[in-house]
Asks: 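This is the structure I want to talk about, given as structure tokens.
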Amino acid sequence: MKQLTTKLFAAALTLAPATLFAQSDTATTEKKEAKKADQEVAIEANDQMQFNKKAFEIKAGDTIQLTLKHVGKLPKIAMGHNLVILQKGTNLAGWASKAMTAAATDYIPVDEASKKAVIAKTKVLGGGETDSITFSIKEAGEYQYLCSFPGHFAIMQGKITVK
Ligand code: ZN
């Protein structure tokens with residue numbers, strides 16, 4: 001009987017590291033779930049050069065997961081869409097006109113001031129594609145977003161109200 005107890009004890013010791021490892025795995029998974037966005041926003045862009053959402057509201061400091069879906073059929077080269085969120089007070093038309101010529105960098109201007117004005121951006125999408133981004137804005141106020149694909153921003157823009 002004593003021998004059996006010893007054997008079981010030894011078995012438990014052998015198992016211990018594996019058990020600990022399994023527990024830490026679980027902990028990591030839980031942490032990831034806890035980090036889930038505070039708010040999810042879904043926006044669609046189409047072949048008619050439109051966002052289906054022209055405004056939304058978020059809470060300052062919240063983690064926002066924004067998903068842009070191109071629900072059209074046209075390829076990226078003809079009807080590409082992205083969604084770029086700009087810092088408060090950015091001159092939208094000025095920023096967008098620089099973006100027009102920045103094809104090599106996915107229509108994000110490369111000069112420092114223009115880059116700094118970007119809070120968050122999705123990839124440029126073609127029909128059927130989707131991209132998700134996560135961001136958070138600390139300061140309350142009104143922020144603008146746009147599609148920076150050439151010729152789109154005048155119609156494809158919207159407003160984020162941060163409270
Ligand atoms: Zn667009």
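Counting starts at 1 for both ligands and their atoms, in listed order. We count residues from 1, following the sequence as given.
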Asks: Quick one: give me the number of protein N/O/S atoms under 2.8 Å from the Zn ion (ligand 1).
Replies: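 Step by step: take the Zn ion (ligand 1), keep protein N, O, S below 2.8 Å, and you get 4.
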Asks: In the structure I gave you, are the side-chain heavy atoms of H152 and H81 within less than 4.5 Å of one another anywhere?
Replies: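 They are in side-chain contact.
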Asks: Look at K59 together with D38 and state whether they make a salt bridge at an N to O cut-off of under 4.0 Å.
Replies: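 Between D38 and K59 there is no salt bridge, as every charged N stays at least 4.0 Å from the carboxylate O atoms.
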Asks: Kindly state each residue pair satisfying ring pair (Phe, Tyr, Trp, His ring centres under 6.0 Å) with at least one member in residues 93-120, sequence neighbours excluded.
Replies: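 Passing the test, one end in residues 93-120: Y107-F149.
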Asks: Provide the closest heavy-atom pair for Q87 versus K116 in the form atom of the first, atom of the second, distance.
Replies: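 For Q87 and K116, the tightest heavy-atom pair comes out as CG-O, 3.7 Å.
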Asks: Within the structure provided, determine whether I43 and N52 are in side-chain contact (heavy-atom separation under 4.5 Å).
Replies: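 Counting from C-beta outward, I43 and N52 do come under 4.5 Å.
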Asks: Would you check if K163 and E57 make a side-chain contact, meaning some heavy-atom pair closer than 4.5 Å?
Replies: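 Yes - at least one pair of side-chain heavy atoms lies under 4.5 Å apart.
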